[in-house]
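Reviewing the structure listed below.
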Amino acid sequence: MAAKAKNKTTVKSSVSLPLDTVLVEDCIAAMNRLPEKSVDLVFADPPYNLQLNGELKRPNESVVDGVTEKWDQFGGFSAYDRFTNAWLKAARRVLKDDGALWVIGSYHNIFRVGALLQDLDYWILNDIIWRKTNPMPNFRGKRFTNAHETLIWCAKSPDARYTFNYEAMKALNEDLQMRSDWVLPICTGHERIKDAEGRKAHPTQKPEALLHRLLLATTRPGDVVLDPFFGVGSTGAVAKRLGRRYIGIEREEGYAEVARARLASIAPYEPRARTVTQPRRSAPRVPFGTLVERRMVEPGTTLFCPKRHHSAMVRADGTLEVGKDEGSIHRIGALVQGAEACNGWTFWHVETEGGLAPIDTFRQAIRDEMASAA
């Protein structure tokens, strides 16, 4: 489903947004101080409440470098639910009416988060399965290897005009609809941020590829992306490259320092490289007659179907003629095929020095010209 175009509104507030900064404090307090309805997207990678008991060891007795930090430890499910409810409320307050929220988790927490999202009247759009190509093995051999995490994508209401760049996702997936199962590797190698001792700077750093797809799909250049659990800044890194604004909130000063250093070294992609495939219906309308008027396709030219089985002559008013029949590029395209409908822009081709070229090529040239002049 493609979303309707987002209606951007200016939020009036005496509090300015701390754009492209990392705030070191509790995320709930920080979000509650931000202007209401001021953020386009929230991406949240909250503590998973892993409930680990003791060390996890490999078969060779070496200790697995897991998540043992205090920020992932809660005094039971009720405490975790209270925390989750509070930050989800704060995020809902700061989101624009047409904004959206993403939250990622594992089986330890994602079902509790999902229930609370619905209790708070978020409208779930999709759940995405991130299937890891290189998951950590199950060393104890008592369960299936945990090879995925779940992302939930929500709007604020069923009527929200949220952003979804459907055509861009289809292009990213080689002209196939992007599915809700994403196969991507976990963060390893050169992408993994290390501390001075060469250890992981953060135990749950997410891969930039995951954030790239997510932000490309559900934001536009200039949108404000808030990450209330910023960690070492993966969300900010991708947002900066793609020309989005970011606000990071991170409780731990050490992580924030790493994130700031990382972000300082990143340069945005140049503006043309940040553009994505747009819905055809949102592009300026260009009648076929405009191509005729501008002599890009002259009256008297013969148009052909891709395999040259059908042909038609172009007339001065932008209609086509086949025998005794005349009409638009779409009507005549359907007529010669015996079809109910036809997209004449892709069906009809014109002879060029390099062979047949679809007339849509010339329409796109006019659209590019209009975009450059805007």
Side-chain angles (χ1 to χ4, degrees), residues 1-8 98 161-178 216-217 219-223 243 270-374:
M1 177 179 68
K4 300 176 182 178
K6 183 186 288 187
N7 180 22
K8 299 281 187 181
D98 294 331
R161 298 164 70 89
Y162 56 89
T163 294
F164 178 44
N165 297 317
Y166 168 81
E167 283 76 10
M169 287 296 96
K170 190 174 179 181
L172 193 68
N173 199 36
E174 295 187 335
D175 290 330
L176 295 174
Q177 285 189 342
M178 184 68 75
L216 201 68
T219 63
R220 296 188 176 100
D223 278 359
E270 61 101 358
R272 287 185 62 191
R274 299 196 298 257
T275 58
V276 299
T277 306
Q278 296 297 316
R280 291 184 181 275
R281 61 183 171 276
S282 70
R285 182 175 180 273
V286 178
F288 178 66
T290 301
L291 275 63
V292 177
E293 290 173 333
R294 297 179 60 169
R295 300 183 63 192
M296 300 172 85
V297 180
E298 297 200 54
T301 299
T302 299
L303 301 184
F304 301 91
C305 71
K307 294 185 178 180
R308 298 181 184 270
H309 293 163
H310 305 287
S311 62
M313 186 191 74
V314 177
R315 305 200 308 184
D317 63 353
T319 58
L320 302 187
E321 178 182 303
V322 173
K324 295 182 180 181
D325 294 301
E326 54 82 23
S328 70
I329 57 173
H330 311 297
R331 179 180 179 277
I332 296 301
L335 178 70
V336 298
Q337 296 178 87
E340 292 186 2
C342 170
N343 182 349
W345 288 107
T346 56
F347 180 74
W348 292 113
H349 290 59
V350 65
E351 191 80 64
T352 69
E353 292 182 1
L356 290 181
I359 58 174
D360 198 30
T361 303
F362 302 99
R363 178 175 66 162
Q364 189 56 51
I366 294 176
R367 284 175 168 170
D368 291 344
E369 181 183 300
M370 295 167 70
S372 298

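Heavy atoms only: backbone and side chains are in, while hydrogens, waters and symmetry mates are out. Nothing here was measured: the structure is a model prediction, and the numbers come from that model.
- Taking the side chain as every heavy atom from C-beta outward, S311 and T302 approach each other to under 4.5 Å.
- Proximity of N343 to H330: side-chain heavy atoms (C-beta onward) are separated by under 4.5 Å at one or more points.
- To the nearest 0.5 Å, atom CZ of residue F362 and atom CG of residue L291 are 7.5 Å apart.
- Across every non-hydrogen atom of A334 and A341, the tightest pair is CB-C, 3.8 Å.
- Every residue two or more places apart in sequence or in another chain that forms a side chain to side chain contact (heavy atoms under 4.5 Å, CB included) with A168 is listed here: N165, V276.
- Scored by the side chain to side chain contact (heavy atoms under 4.5 Å, CB included) test, V292 finds F288, P299, V314 as partners (sequence neighbours excluded).
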Evaluate the side chain to side chain contact (heavy atoms under 4.5 Å, CB included) criterion for residues L216 and M169: first the C-alpha distance (whole Å), next the side-chain angles of each, then the deciding distance (0.1 Å), finally the verdict.
-> CA-CA 8 Å; L216 201 68; M169 287 296 96; 3.9 Å; yes
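- Counting heavy atoms from C-beta on, the side chains of V322 and V336 come closer than 4.5 Å.
- Legend: residues meeting salt bridge (charged side-chain N to carboxylate O under 4.0 Å, His left out) with E293, ordered by chain and number and at least two apart, are absent.
- Residues W348 and I332 meet the side-chain proximity criterion, which asks for heavy atoms closer than 4.5 Å.
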Could you walk me through whether M370 and V286 pass the side chain to side chain contact (heavy atoms under 4.5 Å, CB included) check?
-> CA-CA 10 Å; M370 295 167 70; V286 178; 4.2 Å; yes
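- By the 4.5 Å heavy-atom criterion applied to side chains, I359 and F347 are not counted as neighbours.
- The side-chain heavy atoms of R363 and I366, taken from C-beta on, include no pair separated by under 4.5 Å.
- Contact detail for M178 and L172: the closest heavy-atom pair is CE-CD2, 4.0 Å.
- Residues Y166 and Q177 are in side-chain contact: their nearest non-hydrogen atoms beyond the backbone lie under 4.5 Å apart.
- With respect to the salt-bridge test (charged N to carboxylate O, under 4.0 angstrom), the residues E298 and R295 qualify.
- Take R294 and apply the side-chain hydrogen bond (donor to acceptor under 3.5 Å, both in side chains) test, not counting sequence neighbours, and it matches E369.
- E351 meets the side-chain hydrogen bond (donor to acceptor under 3.5 Å, both in side chains) test with R308; sequence neighbours excluded.
- The distance from atom OG1 of T301 to atom CE of M296, rounded to the nearest 0.5 Å, is 12.5 Å.
- Contacts of P221 classified as side chain to side chain contact (heavy atoms under 4.5 Å, CB included), with partners at least two apart in sequence or in another chain: R244.
- Distance check, rounded to the nearest 0.5 Å: CZ of F304 to NE2 of H310 gives 13.0 Å.
- Remark: E174 engages no residue in a side-chain hydrogen bond (donor to acceptor under 3.5 Å, both in side chains) (not counting sequence neighbours).
- Between R220 and D223, no side-chain nitrogen of the basic residue sits less than 4.0 Å from a carboxylate oxygen of the acidic one, so the salt-bridge criterion is not met.
- With sequence neighbours left out, the side chain to side chain contact (heavy atoms under 4.5 Å, CB included) criterion links A273 to Y269, E270.
- Here the closest heavy-atom approach between residue G243 and residue R274 is recorded as N-CD, 3.3 Å.
- Nearest heavy-atom pair across P358 and H349 is N-CD2, 3.3 Å.
- Distance check: D360 CG to T346 OG1 gives 7.0 Å after rounding to the nearest 0.5 Å.
- Considering every non-hydrogen atom in both C305 and L356, the closest pair reads O-CD1, 3.8 Å.
- Among pairs with a residue in residues 309-324, those fulfilling salt bridge (Lys or Arg N to Asp or Glu O under 4.0 Å) read R315-E321, R315-E326, at least two apart in sequence or across chains.
- Side-chain contact between T319 and R331 is absent, with no heavy atoms from C-beta onward closer than 4.5 Å.
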